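To start, the structure itself, in structure tokens.
Predicted, not measured: the structure shown is a model, and the values here were computed from it. Side-chain atoms are counted along with the backbone in the values below, which use heavy atoms only and exclude waters and symmetry mates.
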2 protein chains.
Amino acid sequence: MSSERKSYHHGNLREALLETAFSLVDAEGAEGLSMRALARETGVSSAAPFRHFADKQRLLQAVAEKASEDLQQKLDEATRDRDDALTQFRAMTVAYVRFAAEHPNLFRLVQSIPSVSGAFLGEFNDERRLKLIALIYEGQNAGLIPDADPELIALSSEALTHGLARMIVDRHPRVRDLSSEDARKLALAATQLLQSGIGLS
Amino acid sequence: MSSERKSYHHGNLREALLETAFSLVDAEGAEGLSMRALARETGVSSAAPFRHFADKQRLLQAVAEKASEDLQQKLDEATRDRDDALTQFRAMTVAYVRFAAEHPNLFRLVQSIPSVSGAFLGEFNDERRLKLIALIYEGQNAGLIPDADPELIALSSEALTHGLARMIVDRHPRVRDLSSEDARKLALAATQLLQSGIGLS
DNA sequence: TGCTCATGTGAGCGGCGCTAACATCCGATC
DNA sequence: GATCGGATGTTAGCGCCGCTCACATGAGCA
């Protein structure tokens with residue numbers, strides 16, 4: 001696994017550490033990762049990583065940022081070429097839940113670092129959120145949507161999405177070990193349900 | 001903080017360790033807890049805790065079980081004297097979300113130990129879930145509820161509840177630092193919304 | 001060619017989880 | 001009441017950890 005190296009200097013150690021750490025976290029979770037094991041795996045001394053990351057927390061943050069970019073890219077791909085906000089929202093939910101099912105360890109890491117998840121929820125996604133809220137507002141004017149706070153409606157939609165993803169990574173009884181395809185179906189079905197309402201009243 | 005002790009033996013070390021650990025986790029999270037610090041705080045040697053807990057994981061599991069019982073008790077109180085399943089479900093959601101807002105560290109710990117959260121979601125709550133599903137089934141026969149899989153409807157309800165709680169403990173932008181009262185309002189509003197449907201279609 | 005400084009190494013500090021060998025004393029038994 | 005075995009405490013210590021410091025190396029620029 002650990003590749004040999006002829007010269008004293010590595011050449012691209014920072015990237016190498018990041019990639020190795022990313023793979024290790026994805027496969028085994030962030031809890032088990034140690035700086036020393038990471039250095040060993042990368043073929044350098046145990047002090048070398050600290051030339052590139054001030055401490056373990058920064059390393060994990062960098063991994064989380066990379067994972068967050070991956071997730072963001074999946075969301076971008078999923079919503080590309082869909083112009084109405086509702087379709088975008090549903091495609092986003094599906095992509096989000098699928099990412100959680102496929103990379104639970106990375107998903108957990110992203111969520112566990114507020115600065116990363118905060119940035120993730122801030123940048124691009126806020127734009128989409130505002131579009132969704134605008135759509136909700138229109139729907140209310142047309143009498144199609146109940147007269148609740150549009151912010152609340154958007155938040156509840158987010159909560160359903162996040163809740164499905166979290167139930168999967170937290171291994172709740174009926175959604176543990178879901179295949180990517182089952183995760184897709186579940187996310188689609190649940191968002192459809194939210195739109196129509198479950199009707200208990 | 002650490003109380004003195006006259007005799008060689010502590011007398012009730014296991015409970016003392018559990019209580020101290022519970023408080024420390026509640027206040028500062030499970031990540032920062034160390035067995036040595038816990039022993040120090042309790043006023044015993046660093047090896048003593050291992051007479052009562054095989055390893056750190058077991059200690060954390062015991063703390064998680066205690067937290068899970070507390071949560072369960074809150075849910076029991078919230079649903080007591082409410083006979084219809086729908087009212088119970090909404091009261092449960094409120095209590096669940098409030099617990100997450102008031103004890104995010106304990107909530108996270110419970111969710112991070114599958115055996116504990118699995119048991120939590122299994123025992124009493126399965127009974128309530130079955131009642132909810134029965135109600136959904138009746139509602140469908142009466143034409144009040146869309147004709148989706150009752151299991152899916154129940155699962156989506158759970159997801160909304162869990163998602164709200166998780167967004168709070170994960171410190172998502174619009175729900176971080178929610179007061180207990182705000183958490184209550186949010187949970188109530190969101191469940192109402194789910195019932196009526198957000199109407200986008 | 002020679003200097004500088006980013007980037008590597010090795011040794012080591014204090015804290016960790018956990019174990020082993022030994023100390024204490026509670027309480028069952030006579 | 002004395003005895004003594006086992007539950008429960010202690011001290012010492014192993015290996016791993018995050019992290020630091022003094023020093024080594026060598027790439028790139030003057």
Distance below 4.0 Å between H52(B) side-chain N/O and dG9(D) OP1 or OP2 |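 Yes.
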Could you tell me which residues satisfy salt bridge (charged side-chain N to carboxylate O under 4.0 Å, His left out) with D147(B), sequence neighbours excluded, listed by chain and number?
->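 In terms of salt bridge (charged side-chain N to carboxylate O under 4.0 Å, His left out), with neighbours along the sequence ignored, D147(B) is linked to no residue.
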Listed partners of R108(B) passing salt bridge (charged side-chain N to carboxylate O under 4.0 Å, His left out), at least two apart |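 If we apply the salt bridge (charged side-chain N to carboxylate O under 4.0 Å, His left out) test to R108(B), skipping adjacent residues, there are no hits.
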Non-neighbouring partners of E69(B) that pass side chain to side chain contact (heavy atoms under 4.5 Å, CB included), sequence neighbours left out |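 Not a single residue meets the side chain to side chain contact (heavy atoms under 4.5 Å, CB included) criterion with E69(B).
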Give the nucleotide from the list dT9(C), dC16(C), dG18(D) with an atom nearest to the side chain of A48(A).
->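 Selected nucleotide: dT9(C).
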Among dT9(C), dC17(D), dC18(C), which is the nearest nucleotide to the side chain of R36(B)?
->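 Of all the options, the side chain of R36(B) is nearest to dC18(C).
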Are the charged groups of R176(A) and D170(A) less than 4.0 angstrom apart, N to O?
->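 D170(A) and R176(A): not salt-bridged.
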Pairwise ring-ring contact (aromatic ring centres under 6.0 Å, His included) hits with a residue in residues 49-72 of chain B, at least two apart =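 The answer is none; no pair qualifies.
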Among residues 26-35 of chain A, which contact DNA chain C at a heavy-atom distance under 4.0 Å?
->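 By residue number: none to list.
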Can you sort out the partners of H103(A) under ring pair (Phe, Tyr, Trp, His ring centres under 6.0 Å), two or more places apart, ordered by chain and number?
->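 If we apply the ring pair (Phe, Tyr, Trp, His ring centres under 6.0 Å) test to H103(A), skipping adjacent residues, the hits are F99(A).
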Residues in ring pair (Phe, Tyr, Trp, His ring centres under 6.0 Å) with H172(B), at least two apart?
->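 Expected list: H162(A).
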Residue list, side-chain hydrogen bond (donor to acceptor under 3.5 Å, both in side chains) with N125(A), at least two apart or on another chain |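 side-chain hydrogen bond (donor to acceptor under 3.5 Å, both in side chains) check on N125(A) returns Q72(A), R128(A).
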For nucleotides 20-22 of chain D, list the nitrogen or oxygen atoms of the protein found under 3.5 Å from its nitrogen or oxygen atoms, one pair per line.
unit_1: dA22(D); atom_1: N6; unit_2: R51(A); atom_2: NH2; d: 3.3

